[in-house]
S.K.: 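Got a structure for you, questions after.
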Amino acid sequence: MNQHSALSQEDLDRLTRSTFLREVRYHTRLASTNTHALELLSVDRTVTCPSLIYAEEQTTGRGRGANRWWSNPGGLTFSLVLEIAPAGLTTEQTPLVSLLTGLSVMKACQTELPRADFSVKWPNDVYLSHRKLAGILVEVPPGRADMLVIGIGINVNNSFRDASPEIRNTAISLSEVGGREYDSLSLLERLLVSFEELLSELARGENVIEKNWPPHCLLTGKQTTLKSGPRLVTGLCLGVDARGALRLHTSRGEERFFGGTVESWSNCQGR
Ligand code: BTN
């Protein structure tokens, strides 16, 4: 599969054969794969999970908060619909699923560019050469606390020539760094395999975050500013704990945050 070729039935069959997916729903164009998944779950309680909602083109992709997800041809956009209990997880573990998603995106991309500078930014963005490569939006469908919709957008073969200067200066795609096109189907396959492995480790009670996050944490050792509810808090990032909380050393001492938006980060002088 290259930049502009659509997924074939054979490709869809390959995904259900080689990964833990039980169903792939393919669309040439959707407003947002997450919105579509949420709508589907509100009317059809029989979605076969794990299910993948895939769109060749997304016209109004959503990001966290009020953000939009900008994508153009060559980008990979999809949502994974997962039932928590059959995956062997408890609802307390769901915040970790979002971090594991970022790790599996990073691992899949690392296979393509093994020497490149990948990092994960809490809670679940993936960076390449200090620019945003992938965004993840995890949502709980209304009235379905037993499920997760995990929306993933990855800049694979797209270019930012037509994007706003703000996006052009902060985003990056795999092809821009590697200087060639990548096979999005193989990337998706590897991502799903890696995600399932990490989920199984979590279900077995392993400390998946401690094992995988530290070498790739973008924020560790950086002066980090977080918007947490009404509070804007700045502190030295000490990493992420086993429960997925961001650890900041602030004027109050060490504090742990389970939610919030990282507003900025910078290298801490003298450390
Ligand atoms: C972010 O960076 O704030 C999250 C971006 C998430 C984008 C993906 S693309 C597929 C899925 N559908 C959406 O509307 N959003 C997510």
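Keep in mind it's a predicted model, so treat the numbers as computed, not measured. Whatever order the structure lists them in is the order used to number ligands and atoms, beginning at 1.
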S.K.: Among all the protein's non-hydrogen atoms, which is closest to atom 12 (N) of ligand 1, and how far away is it?
M.R.: Gln58 OE1, 2.8 Å

S.K.: Can you list the atoms of ligand 1 that are under 4.0 Å from a heavy atom of Gly61?
M.R.: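 This gives 14 (O) as the contact atoms.
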
S.K.: Passes side-chain contact (heavy atoms from CB on, under 4.5 Å), Leu174 versus Leu187? Steps please.
M.R.: CA-CA 11 Å; Leu174 280 183; Leu187 185 80; 4.3 Å; yes

S.K.: Would you mind finding which of Leu76, Ile154, Ile136 brings a heavy atom closest to atom 4 (C) of ligand 1?
M.R.: Ile136

S.K.: For Tyr26 and Tyr54, take the angle between the two ring planes, folded into 0 to 90°, and tell me which bin it lands in: parallel under 30, tilted 30 to 60, perpendicular over 60.
M.R.: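 Parallel: the ring planes of Tyr26 and Tyr54 meet at under 30°.
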
S.K.: Considering only the protein, which heavy-atom contact is closest to atom 5 (C) of ligand 1, and what is its distance?
M.R.: Trp69 CE3, 3.6 Å

S.K.: Does a side-chain N-to-carboxylate-O contact under 4.0 Å join Arg29 and Glu56?
M.R.: no

S.K.: State whether Arg25 and Glu23 are salt-bridged, where the test is any N-O pair (Lys NZ or Arg NE/NH1/NH2 against Asp/Glu carboxylate O) under 4.0 Å.
M.R.: yes

S.K.: Which protein heavy atom lies closest to atom 2 (O) of ligand 1, and at what distance to 0.1 Å?
M.R.: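 For this ligand atom, the closest protein heavy atom is Lys132 NZ, 2.5 Å.
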
S.K.: Could you tell me, atom by atom, which parts of ligand 1 come under 4.0 Å of a heavy atom of Gly63?
M.R.: 1 (C), 3 (O), 4 (C), 5 (C)

S.K.: Is it true that Arg168 and Asp162 have a side-chain N and a carboxylate O under 4.0 angstrom from each other?
M.R.: no

S.K.: Under the ring pair (Phe, Tyr, Trp, His ring centres under 6.0 Å) rule, what do Phe160 and Trp70 come out as? Steps first, then yes or no, please.
M.R.: CA-CA 9 Å; Phe160 296 97; Trp70 190 90; 5.7 Å; yes

S.K.: With side-chain contact (heavy atoms from CB on, under 4.5 Å) as the test, pick out the partner of Leu199 among Leu82, Thr101, Leu96, Val208.
M.R.: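 By the side-chain contact (heavy atoms from CB on, under 4.5 Å) criterion, Leu199 pairs with just one of Leu82, Thr101, Leu96, Val208: Leu82.
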
S.K.: Purely on distance, is any nitrogen or oxygen of Thr60 under 3.5 Å from one on ligand 1?
M.R.: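 In fact, backbone or side chain, Thr60 has no N or O that close.
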
S.K.: For atom 3 (O) of ligand 1, which protein heavy atom lies nearest, and how many Å away is it?
M.R.: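 Protein heavy atom with the smallest distance to atom 3 (O) of ligand 1: Arg64 N, 2.7 Å.
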
S.K.: Ligand 1 versus Thr35, non-hydrogen atoms closer than 4.0 Å: side chain, backbone, both, neither?
M.R.: neither

S.K.: Heavy-atom distance to atom 16 (C) of ligand 1: which of Lys121, His36, Arg62 wins?
M.R.: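 Nearest heavy atom to atom 16 (C) of ligand 1 lies in Arg62.
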
S.K.: Specify the protein heavy atom at minimum distance from atom 10 (C) of ligand 1: its residue, its atom name, and the distance to 0.1 Å.
M.R.: Thr33 OG1, 3.2 Å

S.K.: Enumerate the atoms of ligand 1 whose separation from the nearest heavy atom of Thr77 is less than 4.0 angstrom.
M.R.: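 Listed by number with element, the hits are 9 (S).
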
S.K.: Might you work through the side chain to side chain donor-acceptor pair (under 3.5 Å) test for Ser175 and Glu181, ending with a clear yes or no?
M.R.: CA-CA 5 Å; Ser175 64; Glu181 285 190 9; over 6 Å; no

